[in-house]
Amino acid sequence: MIGTYFKERMITINKDKYYILKHKNGKCYLIPLTIKKSKCKKRKKTCLKKSKCTKCQQKCLKKCLKTCKKKSLKDYKKIAIEVPKPQGVKNVPTHIHFYLHKSFTKEQENRIRRGISLLLDRWYTHHNQKWDGGTNAGTSELAACTDRYATKKFKPVWAKSSVPNAIAATNLAMNQFTQLIRDNGFKKSPPAIIDPRSSTTIYAPTASTKRRVPLSLQINPKQLDSQALTDLKLSGSMFHAWLHRAGWTDPKVTSYFISECPMCIMRNLNSKQPAFPDSGNYKFFD
Ligand SMILES: [Zn+2]
């Protein structure tokens, strides 16, 4: 299904909104890319010549196109990563999929794959430990580690009720990660795009909703080549970015959930040591 999009030009406006650009009778039309059939009735055709793009703060849609139309799927390679099946979690897809920009080298691709797989392992282990042989009341090592250090901003932007502590926040984050994995694997969210970026390490904007959020990332290829960014630090940096996709916000410093939970992953769930200050880890967060 995704493959057919290669024939048309796909663009993105405002990060998460994807559109297909079509030509008909000398006019250009944008068709919002929605994957689920039930949404088809909402498809709207917009003539570029007539309409203003409200999604881009009233700027002309043509202007948007100029900056966005580089994003043709021809520039991307589709990769699939196997998803392990944790106990007590139903409806898990066999794979998640990404469109990886072709400018990444094979070595860089392998590092990205390893970072994602390490995170999926962490997610898998968390759920198994929480399932605790069927009680579903266990505390995972990740939650226990985070609980020792995180004291601030447990609540994601979409949550209506408060989140009492770091254990509850970790459980909520991992459940939301399950949602993101399902939406990706069952093609309910827009394609997850991995683009290069020239600064920092790994960036993703904070998502305001729970559903259909793509696991898109921007990754600095230079950092992938650097030995300072170990596999553990890479997966922690990626997890920080995906916590933004899951709705958590910065600051990316000591005591805050969005920092402490990924830093536990970076320390392989070990305790903090004075010789290795937090700043050596959160410098890899965006
Ligand atoms: Zn951040």
Side-chain angles (χ1 to χ4, degrees), residues 12 14-16 98 111-112 115-116 118-120 122-123 126 142-143 145-159 162-163 165-166 168-181 183-184 189-190 192-210 213-224 226 228-269 272 276-286:
T12 171
N14 273 6
K15 292 156 191 160
D16 288 348
F98 297 89
R111 290 218 70 198
I112 292 169
I116 296 171
L118 275 171
L119 263 190
L120 289 172
R122 192 57 75 199
W123 165 80
H126 164 86
L142 178 64
C145 174
T146 309
D147 193 47
R148 290 206 292 280
Y149 302 109
T151 55
K152 293 172 184 169
K153 274 212 183 182
F154 296 137
K155 206 170 100 127
V157 291
W158 43 260
S162 69
V163 179
N165 54 49
T170 308
N171 290 339
L172 191 61
M174 284 296 162
N175 287 347
Q176 181 57 14
F177 200 31
T178 305
Q179 183 66 49
L180 299 178
I181 289 168
D183 283 353
N184 177 300
S189 49
I193 310 266
I194 301 182
D195 275 320
R197 70 188 273 109
S198 54
S199 62
T200 65
T201 309
I202 302 180
Y203 169 80
T206 302
S208 54
T209 56
K210 284 180 81 173
V213 177
L215 283 169
S216 299
L217 292 171
Q218 290 178 14
I219 304 181
N220 185 348
K222 276 190 204 133
Q223 292 280 44
L224 293 173
S226 154
L229 189 73
T230 60
D231 281 353
L232 277 175
K233 286 185 201 261
L234 171 64
S235 62
S237 175
M238 202 174 266
F239 187 49
H240 176 87
W242 276 340
L243 280 176
H244 281 302
R245 302 309 283 148
W248 273 266
T249 52
D250 285 333
K252 47 180 188 173
V253 292
T254 305
S255 302
Y256 287 86
F257 176 74
I258 199 165
S259 220
E260 295 292 357
C261 190
M263 286 200 290
C264 279
I265 291 177
M266 287 163 141
R267 295 192 309 272
N268 209 13
L269 310 184
K272 292 186 183 184
F276 301 101
D278 288 349
S279 55
N281 285 331
Y282 62 62
K283 70 178 178 186
F284 295 117
F285 296 163
D286 259 295

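Indexing begins at 1, ligand by ligand and atom by atom, following the structure's order.
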Which protein atoms of type N, O or S are found under 2.8 Å from the Zn ion (ligand 1)? His240 NE2, His244 NE2, Asp250 OD1, Asp250 OD2, Asp286 O

Which residue, Tyr149, Trp248, Phe239, forms the ring-ring contact (aromatic ring centres under 6.0 Å, His included) with Phe257? Trp248

For Gln179 and Asp183, which I'm curious about, is there any donor-acceptor pair between the side chains at under 3.5 Å? yes

With salt bridge (charged side-chain N to carboxylate O under 4.0 Å, His left out) as the test, pick out the partner of Glu260 among Arg148, Lys152, Lys272. Lys272

Just how far is it from atom CG of Leu119 to atom CD1 of Ile116, taken to the nearest 0.5 Å? 8.0 Å

Enter the distance from Asp195:CG to Leu217:CG here, rounded to the nearest 0.5 Å. 9.5 Å

Close side-chain approach of Ile202 and Trp242, heavy atoms under 4.5 Å: no

